Amino acid sequence: MGRGEGSPERVGFALSGGQQQRLCLARVLALEPEVILMTSRCRGLDPLSTAKIEDSMQNLKQNYTIVIAPHNIQQAARVADNAAFFLQGRLIEEGMGKQLFIKPQDKRTEDYVMGRFG
């Protein structure tokens, strides 16, 4: 079967954004990784699809190490057990996720978390 409309290579394009994200996650899990890196995983998704991805992440982190590079600070605060803030390639602060997002120790981290820059 070629790369036509019904071919396996094209099936993912007919899915919604949230379904595409979950399909990508299923493909990664089939490889049995030790660590899963997720970037832009919910960018542009509706709130319901975002919640489904976050629920999946909560379940998956029981068996996998998940590293996220968030575009959404609120989402990172909801899902992170541990967090680190890097600025211009330097580690500024690291710690428990809730602590880092709610009461950061470094002013630069606080400025970023509060949306003063970035």
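FYI, side chains are in, hydrogens and waters are out, and symmetry mates aren't considered; it's all heavy atoms of this structure. Residue numbers count from 1 along this sequence. Keep in mind it's a predicted model, so treat the numbers as computed, not measured.
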Q: Check the pair Glu94, Asn82 against side chain to side chain contact (heavy atoms under 4.5 Å, CB included), reporting the backbone distance first and the verdict last.
A: CA-CA 7 Å; Glu94 65 179 308; Asn82 297 292; over 6 Å; no

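- Judged as a side-chain contact (heavy atoms from CB on, under 4.5 Å), and not counting sequence neighbours, the contacts of Asp111 are Lys107, Arg116, Phe117.
- Summarising the hydrophobic clusters (Ile, Leu, Val, Met, Phe, Trp, Tyr; side-chain heavy atoms under 4.5 Å, direct or chained), the residues clustered with Phe86 are Leu91.
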Q) For Val113 and Phe85, what are the C-alpha separation, side-chain angles and deciding distance, and is it a side chain to side chain contact (heavy atoms under 4.5 Å, CB included)? A) CA-CA 9 Å; Val113 169; Phe85 175 64; over 6 Å; no

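- A heavy-atom distance below 4.5 Å is found between the side chains of Ile73 and Tyr112.
- Put simply, the side chain of Arg27 does not reach to within 4.5 Å of the side chain of Leu25, judged on heavy atoms.
- Note on residues 62-79: pairs passing salt bridge (charged side-chain N to carboxylate O under 4.0 Å, His left out), not counting sequence neighbours, are Glu54-Arg78.
- In the hydrophobic cluster analysis, where Ile, Leu, Val, Met, Phe, Trp and Tyr join through side-chain heavy atoms closer than 4.5 angstrom, Met57 is grouped apart from Met96.
- Listed by chain and number, the residues in a side chain to side chain donor-acceptor pair (under 3.5 Å) with Asp81 are Lys61 (sequence neighbours excluded).
- Every residue meeting the side-chain contact (heavy atoms from CB on, under 4.5 Å) condition with Leu37, not counting sequence neighbours, appears here in chain and number order: Thr39, Val67.
- Annotation: side chain of Gln75 is in contact with side chain of Thr50 (closest heavy-atom distance under 4.5 Å).
- Atom CD1 of residue Ile92 and atom CZ of residue Arg108 lie 3.5 Å apart, to the nearest 0.5 angstrom.
- A side-chain donor-acceptor contact under 3.5 Å links Glu93 to the backbone of Asp106.
- Annotation: salt bridge (charged side-chain N to carboxylate O under 4.0 Å, His left out) contacts involving residues 29-38, sequence neighbours excluded, are absent.
- The side chain to side chain donor-acceptor pair (under 3.5 Å) search around Ser56 returns none, not counting sequence neighbours.
- Contacts classified as ring-ring contact (aromatic ring centres under 6.0 Å, His included) and involving residues 18-37 (residues at least two apart or in different chains) are not found.
- For the pair Val35/Ile66, no side-chain contact is recorded, criterion being any heavy-atom separation below 4.5 Å from C-beta on.
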Taking distance alone, no hydrogens or angles, what donor-acceptor pairs closer than 3.5 Å link side-chain atoms of residues 97-105 to residues at least two apart or in another chain?
residue: Lys98; atom: NZ; partner: Ala77; partner atom: O; Å: 2.9
residue: Gln99; atom: NE2; partner: Lys103; partner atom: O; Å: 2.8
residue: Gln105; atom: NE2; partner: Lys103; partner atom: O; Å: 3.3

